[in-house]
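Below is one structure; the comments refer to it alone.
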Amino acid sequence: MPGFELFGDLERNEVNDVLQSGVLMRYGFDGMRNGHWKAKELEAALENTLQSKHVQLVSSGTAAVSVALAAAGVGAGDEVIMPTFTFVASFEAIMMLGAIPVLVDIDDTLGLNPEAVEQAITPETKAVMVVQMCGSMANMKALQALCTKHDLLLVEDACQAIGGTFNGKPLGSIGDLGCFSFDFVKTITSGEGGAVITNNKDYYLNTDHYSDHGHDHIGNDRGAESHPFLGYNFRISELHAAVGLAQVKRLPEFLEIQKRNYGILREALSQIPEVTFRTVPEGGEESYAFLNFFLPNLDMARQASEAFKTNGVDGCFHYFDNNWHYIRKWDHLKNLKSLYPISQEVKKGLAYLQTKTFEKSDYYIARNISCLIKLSWTEAEVKARASKMVEAIKQIVKS
């Protein structure tokens with residue numbers, strides 16, 4: 001991770017096609033583009049790759065979450081259950097719709113704890129949003145059962161997990177809607193971009209219209225199109241889609257490299273009795289975009305994080321002390337720091353964050369180290385990295 005490490009002729013050729021046509025917008029200008037429709041081609045490629053009937057490209061992964069929720073009717077005052085360990089975009093996307101993010105604990109999968117989810121369900125709950133963090137998944141079987149039992153939407157934020165599978169199905173294709181990001185640091189990138197996937201035709205049509213100012217995209221005259229409902233601008237450009245089209249063709253190549261590099265690191269760390277690894281639910285296979293492991297306590301994890309930096313082991317994160325990915329330091333959410341007034345519904349709905357604690361999440365995140373897997377490493381470089389990591393942890397354990 002990420003795909004930009006291996007940019008080559010395929011990406012350049014796709015981008016040059018767009019530049020030669022002169023049409024950078026994904027809609028309209030039919031006569032000028034000489035048959036080039038990169039966004040449409042990328043959507044078709046993703047339908048095949050992600051085993052989904054419908055794909056709608058959007059401008060980012062954050063946009064994908066908002067569009068997906070809106071397409072399924074989530075809005076003002078609705079509660080969306082989400083994990084304490086995610087990226088800030090998850091709660092941002094919910095709040096943009098006037099809905100209320102309800103944060104609950106994670107478990108040793110580093111994903112939603114099904115028991116915590118069930119305890120958080122109220123009459124206002126509309127959806128459960130599982131975030132497939134760091135290339136793997138939560139307990140999808142239990143979460144599917146919960147959503148069926150309580151008649152709730154299951155939305156997958158699989159922005160960090162393209163290529164992962166559960167019972168043979170791609171992550172993102174298991175819920176009612178799935179969301180992906182193709183930003184600059186994802187396994188496959190389009191620079192900026194995202195996608196919503198679904199097998200529900202109505203949800204798909206809603207995403208198609210909502211992401212382009214409500215346009216129904218019927219006919220060949222954009223100015224004559226109808227607007228069945230309000231929409232906003234979450235369009236992707238043809239330039240971004242062109243890069244993504246080249247990258248999705250290379251996804252199997254990228255996943256193979258990730259798996260090789262992950263395997264070398266994991267085998268080395270497995271020699272240390274004090275190191276344990278995140279749980280991958282039965283039937284699941286990671287995308288191998290990250291290697292996540294636990295140390296016995298917070299102090300050791302902090303020491304390991306610092307030792308890695310000192311010894312040139314980059315790209316390893318201790319999320320307990322991270323401002324972006326864990327609830328502990330999200331003061332701007334807890335204190336509702338906003339440029340504009342927040343609705344009373346959301347203010348009331350988020351009041352729980354003033355007193356709520358998340359001891360179970362703390363237990364896992366405090367001890368976790370998450371190391372991204374790069375595509376550009378040689379096998380020798382991975383082995384050298386593994387040796388440095390093992391030596392650093394052994395010194396910490398000894399002391």
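A quick note: this is a predicted structure, and the numbers were derived from the prediction, not measured.
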Quiz item: If you measure only the distance, is there a donor-acceptor pair under 3.5 Å linking the side chains of Q258 and T187?
Solution: yes
Practice problem: Spell out, as yes or no, whether a donor-acceptor pair under 3.5 Å connects the side chain of S52 to the backbone of T198. | Solution: yes
Self-check item: Considering all heavy atoms, the nearest L42-A241 contact
Solution: CD2-O, 3.7 Å
Quiz item: So does F277 have more than 12 non-hydrogen atoms from other groups sitting under 6.0 Å from CZ?
Solution: yes
Self-check item: Closest non-hydrogen atom pair between A268 and A386, with its separation
Solution: CB-CB, 3.7 Å
Quiz item: When you look at K360 and D107, which way does the side chain to side chain contact (heavy atoms under 4.5 Å, CB included) test go after all the steps?
Solution: CA-CA 7 Å; K360 289 182 179 178; D107 57 23; over 6 Å; no
Quiz prompt | Main-chain N/O of G28 paired to R33 side chain as donor or acceptor, under 3.5 Å | solution = yes
Quiz item: Considering only the SG atoms, does C371 lie under 2.5 Å from C316?
Solution: yes
Quiz item: Same cluster or not: are V23 and L57 linked, directly or through other Ile, Leu, Val, Met, Phe, Trp or Tyr residues, by side-chain heavy atoms under 4.5 angstrom apart?
Solution: no
Practice problem: Hey, could you give me each pair passing ring pair (Phe, Tyr, Trp, His ring centres under 6.0 Å) that has a residue in residues 296-321? Not counting sequence neighbours. | Solution: F85-Y319, F317-Y319, Y319-H325
Self-check item: Side-chain heavy atoms of D176 within contact of N200, under 4.5 Å
Solution: no
Practice problem: Check for a donor-acceptor pair, side chain of T189 on one end and backbone N or O of V185 on the other, with a separation under 3.5 Å. | Solution: no
Quiz item: Strictly under 6.0 Å, is that where the ring centroids of H215 and H209 end up?
Solution: no
Exercise. Could you work out the complete set of other residues in the hydrophobic cluster of W37, with links drawn between I, L, V, M, F, W and Y side chains under 4.5 Å apart?
Key: none
Practice problem: State whether the number of non-hydrogen atoms from other residues, nucleotides or ligands found under 6.0 Å of Q354 atom CD is greater than 12. | Solution: yes
Quiz item: Hey, mind stepping through I162 and F182 against side chain to side chain contact (heavy atoms under 4.5 Å, CB included) and telling me if it holds?
Solution: CA-CA 10 Å; I162 192 167; F182 308 126; 4.1 Å; yes
Quiz item: Centre of Y27's six-membered ring, under 6.0 Å away, within 45 degrees of the axis: is that where NZ or CZ of R235 sits?
Solution: no
Quiz prompt | Verdict with reasoning, T357 to E359, per side-chain hydrogen bond (donor to acceptor under 3.5 Å, both in side chains) | solution = CA-CA 6 Å; T357 57; E359 288 86 358; 2.8 Å; yes
Quiz item: If you look at every heavy atom in V346 and I100, which pair is closest and at what distance?
Solution: CA-CG1, 4.1 Å
Exercise. Check whether more than 12 heavy atoms from other residues, nucleotides or ligands sit under 6.0 Å from atom CD of E256, and answer yes or no.
Key: no
Quiz item: With distance as the sole test, does S338 use its side chain to make a donor-acceptor pair with the main-chain N or O of Y340 at under 3.5 Å?
Solution: yes
Quiz item: Crowded around K249 NZ? As in, over 12 foreign heavy atoms under 6.0 Å?
Solution: yes
Exercise. Would you check, one step at a time, whether the test side chain to side chain contact (heavy atoms under 4.5 Å, CB included) holds for I373 with Y288?
Key: CA-CA 7 Å; I373 304 297; Y288 305 105; 5.6 Å; no
Quiz item: With no hydrogens and no angle check, is any side-chain donor or acceptor of N368 less than 3.5 Å from a backbone partner on F293?
Solution: yes
Quiz item: Is the backbone of D299 close enough, under 3.5 Å, to the side chain of N297 for a donor and an acceptor to pair up by distance?
Solution: yes
Practice problem: For the pair R385 and D314, find out whether any cationic side-chain nitrogen is under 4.0 Å from an anionic carboxylate oxygen. | Solution: yes
Quiz item: In this structure, are over 12 heavy atoms from other groups packed under 6.0 Å from N233 atom CG?
Solution: yes
Quiz prompt | Residue pair T109 / A138: nearest heavy atoms and the distance that separates them | solution = OG1-CA, 3.7 Å
Self-check item: Single hit among E14, E238, E43 for salt bridge (charged side-chain N to carboxylate O under 4.0 Å, His left out) with K38
Solution: E14
Self-check item: Considering all heavy atoms, the nearest W330-T86 contact
Solution: CH2-CG2, 3.6 Å
Quiz item: Is the number of heavy atoms from other residues, nucleotides or ligands under 6.0 Å of E115 CD greater than 12?
Solution: no
Quiz item: With distance as the sole test, does R222 use its side chain to make a donor-acceptor pair with the main-chain N or O of F29 at under 3.5 Å?
Solution: no
Quiz item: Do E11 and R250 pass the salt bridge (Lys or Arg N to Asp or Glu O under 4.0 Å) test, and can you show the C-alpha distance, the side-chain angles, and the key distance before you say yes or no?
Solution: CA-CA 10 Å; E11 288 83 0; R250 302 181 67 188; 3.0 Å; yes
Quiz item: Does atom NZ of K329 have more than 12 heavy-atom neighbours from other groups under 6.0 Å away?
Solution: yes
Quiz prompt | Intermediate values then yes/no, side chain to side chain contact (heavy atoms under 4.5 Å, CB included), T125 and L152 | solution = CA-CA 8 Å; T125 306; L152 300 173; 3.9 Å; yes
Quiz item: When you look at Y210 and Q56, which way does the side-chain hydrogen bond (donor to acceptor under 3.5 Å, both in side chains) test go after all the steps?
Solution: CA-CA 11 Å; Y210 183 76; Q56 178 65 41; over 6 Å; no
Quiz prompt | Test item: Q247 side-chain N/O and G3 main-chain N/O as donor-acceptor pair under 3.5 Å | solution = yes
Exercise. Decide side-chain hydrogen bond (donor to acceptor under 3.5 Å, both in side chains) for D108 and Y363; before the verdict, give the C-alpha distance in whole Å, the side-chain angles of both, and the deciding distance to 0.1 Å.
Key: CA-CA 9 Å; D108 58 1; Y363 174 73; over 6 Å; no
Self-check item: Side chain to side chain, E124 and D78, heavy atoms closer than 4.5 Å
Solution: no
Quiz item: Which atom names give the shortest non-hydrogen contact between M300 and P296, and what distance separates them?
Solution: SD-CD, 3.5 Å
Exercise. For the residue pair S136 and R278, establish whether any side-chain heavy-atom pair is separated by less than 4.5 Å.
Key: yes
Self-check item: Short side-chain to backbone donor-acceptor contact, S181 and S60, under 3.5 Å
Solution: no
Quiz prompt | Within 6.0 Å of NZ in K334, more than 12 heavy atoms from elsewhere | solution = yes
Exercise. List the steps, then state whether salt bridge (Lys or Arg N to Asp or Glu O under 4.0 Å) holds for K186 with D183.
Key: CA-CA 6 Å; K186 294 299 187 292; D183 73 21; 3.1 Å; yes
